Amino acid sequence: MNDANTNARPETHPDARQDIRHDFKQAEPRWQAEWERRGCFAVPDVPDGSQPKYYVLEMFPYPSGKIHMGHVRNYTLGDVVARYKRARGHLVMHPMGWDAFGLPAENAARERGIHPGKWTYDNIAAMRAELKRMGLSLDWAREFATCDVEYYGRQQKLFLDFLKAGLVERKESWVNWDPVDGTVLANEQVIDGRGWRSGALVEKKQLSQWFFAITKYAPDLLEALGSLDRWPDRVKTMQANWIGRSEGARVRFKLTEPVGDLAEAPAPGIHEVEVFTTRPDTLFGMSFLAVAAEHPLAAAAAARDAKAAGFVAECRRMGTSEATIEQAEKRGYDTGFRVAHPFIEGASFPVWIANFVLMEYGTGAIFGCPGHDERDLEFARQYGLGVVPVVLPPGADAASFAIGDTAYTDDGTIINSGFLNGLPTGPAKRAAIEALEARGIGTGVVNWRLRDWGVSRQRYWGCPIPVIHCEACGVQPVPAGQLPVKLPEDVDFSRPGNPLDHHPTWKHVDCPACGKPARRETDTFDTFVDSSWYFARFCSPHAEEPVTRAAVDAWLPVDQYIGGIEHAILHLLYSRFFTRAMRDTGHVSAGEPFAGLFTQGMVTHESYKAPDGTWLYPEEIERQPDGGAVLRGTSQPVTVGRVEAMSKSKRNTVDPGSIIDRYGADTARWFILSDNPPERDMEWTESGVAGAYRFTQRLFRLTAAALPGLPPPGADAGAAEGAARKLRQATHHTIAAITEALESFAFNVGVARIHEFANAIAEAEGATDPGIGAARREALEAIARLASPMMPHLAEELWSLLRPGETALVAELPWLEANPALLRAETLTLAVQVLGKLRGTIEVPVDADAATIFAQAEAEENVQRAIAGRPIRKRIHVPGRVVNFVV
RNA sequence: GCCCGCCUGGCGGAAUGGUAGACGCAGCGGACUUAAAAUCCGCAGUCCGCAAGGGCAUGGGGGUUCGAAUCCCCCGGCGGGCACCA
């Protein structure tokens, strides 16, 4: 500070402080460049083992063109973990890449004539630039996109290894078919049963497709959930339900008349129908048998009965989505076939085709027991089928018990069931299975809901499936030497369907076995395949092989994976499968990909509607003091709608780029962390961001204002009295509190503790107690370092002010440790209750014994009034918490 | 329809069996300023009361407990997933 300045503006001038402002616009790029220059976040493929490793990964983004607030939230959460773990002495790998294959690129090609590749790589460039402005501690040298041939070529290699290991199968399966466009549709492209472009009624069509044999791992995928102790319970529950292990029986029902000689049935000579049931104990409650529309018996019925054929065709128009099928009104058609009851001599029941029976589950056929299954009851009521109660609820009367509007699906005692009568549900199941096995018409089985993973997609912008179809030799894998199978660049999107299929030359190749002309597979992989092993590729992103064994064995599993709850089932389950398949084909040692999982909530915002019903962007409106809103610059009223997930269609989006322009990355990060717990949906508000910005400035001001009066670094902060000691206690309490908050993902609580700490520092601003200078320096240095995982740029800025001579960056410093001596208080406040109601508080020494505490509590005037002379029956003391008198 | 969650002041939330509402946002009052912005200080769940204090209160209803936002049961609302969106 020079003399001229001292003259010009005395320090008493109240404006002096407000002029001290943190210039994030120049500071943030400066620190980003410095981290980059020093290589702070680069790690080797194969570490030397001197430090414990920690692999932090956020779900990689789809390159839609712009980052959105969901990305900002996701990557901020991951970055806090990465920076914290680094400070705790871990070697942290924190990579970033692009989930770059998928439908939107093809849509862009069809709508705007841009090549999917160009569209994708342009988007990646734009989004990379935006991400870099967030100041994430990423090792960018590991970046790749799944549409890079260097990636998907290795994926083809993995596929061939899986094929060789018997983990790949070819089977028939159903797809949504648009008969007008002649195109396979994704579920999201089917709107109210019609194709989104053509409007044609969608049909189900059977295609021969590639499947990964995920069901081979079903028992292991289920059991191993138990070892994932750092996964949320709800995700594990959802996966367990999805895998869906159930114990039951397969029962073969004899047709009373064999089907097949009746007409030219496609499945002649059918004598029986096999059913899977989890409730063999309710077999005596049967009133019908129902098969799926895709079941061979339905086909047999359709072949001889035009009405049955009509019903099957109708079911075929329902699309393939399970949600659609299960929500549809229960409908059926009586085929006229009948089956004999396995236990009741001479009894037979009708066979229906029903739209709620799923071909993919069990055997595609069920026996209907309306008394004890909701769907069966609804169906029976609709078609006037019998309802026989066979399970008596505990305490119910057998003579009067009847089924009304709801089926009884819980356990009870078996009635109306011949040899099963009187048995409880569990033993009755076992007895029924024994009887079925004794008669040779059924067997106890374990059934899984999980189906094999169909990976064939009839699309261009995906990884080509590396096989060749030869008329003479059948399916032939592409020889390893001919990999990668590259996507052709010159493709035509002017007509519907798969451009690979229409390509004039691409698919015409010679059979690798016999050399004769053959046809290349034109299906590409489901994009879930791409995202099922990217976390492994990040460990050695430039390797010749899919992965380098030493690298994946050093880094996997991912220690902390972070992403949206919407991936709780499919993506995570497919990745778990892939890791096992890679292990069993010798690529990795790990069996589980993600040791720790955190699922974040969505980012939401108010939505706004103009009087004409069109959605408005937040920047188009202006809030009024009365809580209403108007169109910016006018007095035209705007309807403030619900707070919901940010989406382009509702226009309730906020562009992260413009937030960083106006407030800086630290503010965006701070707000997104402060608003609420990260697993919950958060609401983005303008005032919340502004508040976060004010806090960054306040922190800067607190430091800058204190700077001239601080003792040099390293001054002894030991002997402190009065306000100085109080500040030191606050410092060390905060170190402990932030550490705990970061360990437990309670980042919003961490932010609150930093706020409290800043308040404590501000409170001590005028203090002059012995040791205050050193205490103040300790506090300011601590707050910068404790906030650094959350606002890393400001932390570096503050640290450089506090330690001008220092060479180390905050990003390179170890985490702070709390001094236990400063964590202990001398006295504590106890709540005093009478009959569980708070009647006062008492201040006691930390080491006071129960008798003293009770005496002091009882002496309280308000406590006496509440006791009102009644005898005390019980005295409860919860140390450090509460005293309760029961009178 | 099925599976999985969530619900606390005007708002986001804290408290995971022990003082409900920490911290922040918005609000109100004050200081500073010609003024505004910024900043700083203070108030604040709600009802009754001058106050001391008391009643009510964690989506609704019931239960367990000396004590429940927290554990259990029922109901309601909102959200995620349902296998070809990513």
Side-chain angles (χ1 to χ4, degrees), chain A residues 14-15 17-18 21 59 61-62 64 99 101-104 175-176 184-190 232-235 237-242 244 320-328 330 356 360 374-375 378 450-459 526-528 531 564-571 573-574 599 601-602 604 627 642 644-645 671 674-677 679-683 685 687-688 690-692 694-695 697-698 701 746 748-749 751-756 759 762 829-838 840-841 862 865 873-876 878 880-887:
Chain A
D15 281 356
R17 282 185 185 180
Q18 80 178 46
R21 290 187 82 79
M59 291 179 183
Y62 179 78
S64 58
D99 187 14
F101 275 134
L103 278 177
V175 294
N176 298 308
V184 177
L185 298 177
N187 282 335
E188 72 156 9
Q189 296 173 323
V190 179
D233 286 338
R234 64 179 160 146
V235 174
T237 307
M238 281 189 263
Q239 291 221 349
N241 290 340
W242 186 263
T320 58
S321 146
E322 191 172 312
T324 313
I325 293 166
E326 290 210 18
Q327 263 163 285
K330 306 267 174 295
F356 65 91
E360 291 84 7
E374 284 299 345
R375 291 181 302 182
E378 193 185 331
L450 183 67
R451 307 200 295 260
D452 278 334
W453 173 16
V455 292
S456 296
R457 298 292 183 269
Q458 295 69 41
R459 314 203 193 290
D526 176 6
T527 55
F528 270 126
S531 54
I565 186 69
E566 67 275 18
H567 293 294
I569 298 175
L570 293 179
H571 162 60
L573 194 62
Y574 291 153
T599 54
M602 292 181 306
T604 66
R642 313 193 320 156
E644 49 193 315
F671 172 57
S674 69
D675 188 59
N676 68 351
E679 67 274 17
R680 261 196 246 180
D681 289 353
M682 75 163 287
E683 186 187 349
T685 58
S687 55
R694 282 201 297 274
F695 185 73
Q697 292 298 349
R698 181 174 185 221
R701 229 171 17 244
N748 58 322
V749 180
V751 166
R753 297 292 167 261
I754 296 274
H755 272 284
E756 286 172 18
N759 291 342
T829 309
L830 286 182
V832 183
Q833 300 177 332
V834 177
L835 285 171
K837 276 194 187 290
L838 182 72
T841 57
N862 213 35
R865 190 162 38 222
R873 285 221 322 267
K874 198 170 166 190
R875 292 175 170 82
I876 294 156
V878 182
R881 295 283 187 181
V882 78
V883 173
N884 190 12
F885 296 113
V886 185
V887 295

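Since the structure is predicted, the reported quantities are computational estimates derived from the model, not experimental observations. Letters go in sequence order (proteins before strands), and every chain restarts at 1. The figures that follow rest on heavy atoms only: side chains count, while hydrogens, waters and symmetry mates do not.
Comparing A15(B) with U70(B), their P atoms sit 15 Å apart, to the nearest whole Å. With P as the reference atom, G10(B) and C48(B) are 16 Å apart, rounded to whole Å. Comparing the C1' positions of G60(B) and G12(B) gives a spacing of 24 Å, expressed to the nearest Å. On the P atoms, U64(B) is 15 Å away from C73(B), given to the nearest whole Å. When the P atom is compared between G63(B) and G54(B), the two are found 26 Å apart, to the nearest whole Å. Taking atom P on both G55(B) and C72(B), the two are 29 Å apart, rounded to the nearest angstrom. C25(B) and C40(B) have their P atoms separated by 10 Å, with the value rounded to a whole Å. When the P atom is used for both A86(B) and G13(B), the distance is 31 Å, rounded to whole Å.
The side chain of Arg701(A) approaches C40(B) more closely than any other nucleotide in the set C23(B), C40(B), C85(B). Closest to the Thr527(A) side chain, of the nucleotides G81(B), A86(B), C85(B), is A86(B). Each of A20(B), A86(B), C85(B) was ranked by its minimum atom distance to the side chain of Tyr62(A); first place goes to A86(B). Among the nucleotides C84(B), C11(B), G18(B), the one closest to the side chain of Val878(A) is G18(B). Set against C40(B), C23(B), U39(B), the side chain of Arg698(A) has C40(B) as its closest nucleotide. For Met602(A), whose side chain is taken as the heavy atoms from C-beta onward, the closest listed nucleotide among A83(B), G79(B), U19(B) is G79(B). For Ala323(A), counting side-chain heavy atoms from C-beta on, the closest listed nucleotide (U39(B), G1(B), A20(B)) is G1(B). You'll find that the side chain of Arg694(A) is closest to U39(B), out of A83(B), C23(B), U39(B). Here the side chain of Glu683(A) is nearest to one of A83(B), G12(B), A20(B), namely G12(B).
For the pair Tyr574(A) OH and A86(B) P, the interatomic distance rounds to 12 Å; values are reported in whole Å. Phe356(A) places its CZ atom 18 Å from the C1' atom of C82(B), with the value rounded to the nearest Å. As a whole-Å value, the separation of Gln189(A) CD from C84(B) P is 13 Å. For Glu188(A) and C84(B), the CD to P distance is 12 Å, given to the nearest whole Å. Atom-to-atom, CG of Asn187(A) to C1' of C84(B) comes out at 6 Å; the value is rounded to the nearest Å. To the nearest angstrom, C1' of A86(B) lies 11 Å from CG of Leu570(A). Distance, Ile754(A) CD1 to G13(B) P: 21 Å, rounded to whole Å. The CG-P distance, from Asp675(A) to C11(B), rounds to 14 Å in whole Å.
At a threshold of 4.0 angstrom between heavy atoms, the contacts of Leu450(A) include nucleobase atoms, whether or not backbone atoms are also involved. Using a 4.0 Å heavy-atom criterion, one finds that Thr829(A) contacts the bases of the nucleic acid, with or without backbone contacts as well. Counting any heavy atom pair closer than 4.0 Å across all strands shown, Ala568(A) reaches no nucleic acid atom. At the heavy-atom level, Phe528(A) lies under 4.0 Å from base atoms of the strands shown. When heavy atoms are screened at a 4.0 angstrom cut-off, His567(A) is found touching base atoms of the nucleic acid. Here Ser64(A) lies out of heavy-atom contact (under 4.0 Å) with every strand. At the heavy-atom level, Gln458(A) lies under 4.0 Å from base atoms of the strands shown. Residue contacts for Gly454(A): at a heavy-atom cut-off of 4.0 Å it reaches the sugar-phosphate backbone alone, with no base atom in range. In this structure, Pro677(A) reaches the sugar-phosphate backbone alone: every heavy-atom distance under 4.0 Å involves primed, P, OP1 or OP2 atoms, never a base. Heavy atoms of Val184(A) sit under 4.0 angstrom from at least one base atom. Among the atoms of the strands shown, base atoms are found under 4.0 Å from some heavy atom of Trp242(A). Residue Arg457(A) is classed as a base contact, given a heavy-atom separation below 4.0 Å to a base.
For Asn241(A), no side-chain nitrogen or oxygen approaches OP1 or OP2 of C2(B) to under 4.0 Å. A sub-4.0 Å separation between OP1 or OP2 of A26(B) and a side-chain N or O of Ser687(A) is absent. In terms of phosphate contacts, Asn748(A) brings no side-chain nitrogen or oxygen within less than 4.0 Å of OP1 or OP2 of A22(B).
A distance-only check finds a donor-acceptor pair linking the side chain of Asn176(A) to the backbone of Thr320(A) [under 3.5 Å]. Side-chain N or O atoms of Asn676(A) include one that pairs as donor or acceptor with a backbone N or O of Asp681(A) at under 3.5 Å. Panel note: side chain Gln239(A), backbone Ala568(A); a donor-acceptor pair is recorded below 3.5 Å.
Under the 4.5 Å side-chain criterion, counting only non-hydrogen atoms from C-beta, Arg875(A) is in contact with Phe885(A). No side-chain heavy atom of Val751(A) sits less than 4.5 Å from a side-chain heavy atom of Phe695(A).
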Just the atom pairs and distances: protein N or O near nucleotides 66-68 of chain B's N or O, under 3.5 Å.
{"residue": "C66(B)", "atom": "O2", "partner": "Asn884(A)", "partner atom": "ND2", "Å": "2.3"}

Dump every N/O contact between nucleotides 6-8 of chain B and the protein below 3.5 Å, one line per pair.
{"residue": "C7(B)", "atom": "OP1", "partner": "Arg680(A)", "partner atom": "NH2", "Å": "3.4"}

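Nucleotides of RNA chain B nearest to Thr841(A) and Asn176(A) differ in position, and the one nearer the 5' end is that of Thr841(A). Where Ala692(A) and Asn862(A) meet RNA chain B, the nucleotide closest to each residue was compared, and Ala692(A) sits on the side nearer the 5' end.
Using bins of under 30°, 30° to 60° and over 60° for the plane-to-plane angle, the ring pair His567(A)/Phe528(A) lands in the perpendicular bin.
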Each base of RNA chain B marked ( ) or [ ] if paired in-strand (Watson-Crick or G-U under 3.5 Å), | if paired to another strand and . if unpaired gives (((((((..(((.....[....))).(((((.......))))).((((....))))..(((((..]....))))))))))))....

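One finds no salt bridge joining Glu378(A) and Arg375(A) here, because no Lys/Arg side-chain nitrogen approaches an Asp/Glu carboxylate oxygen to under 4.0 Å.
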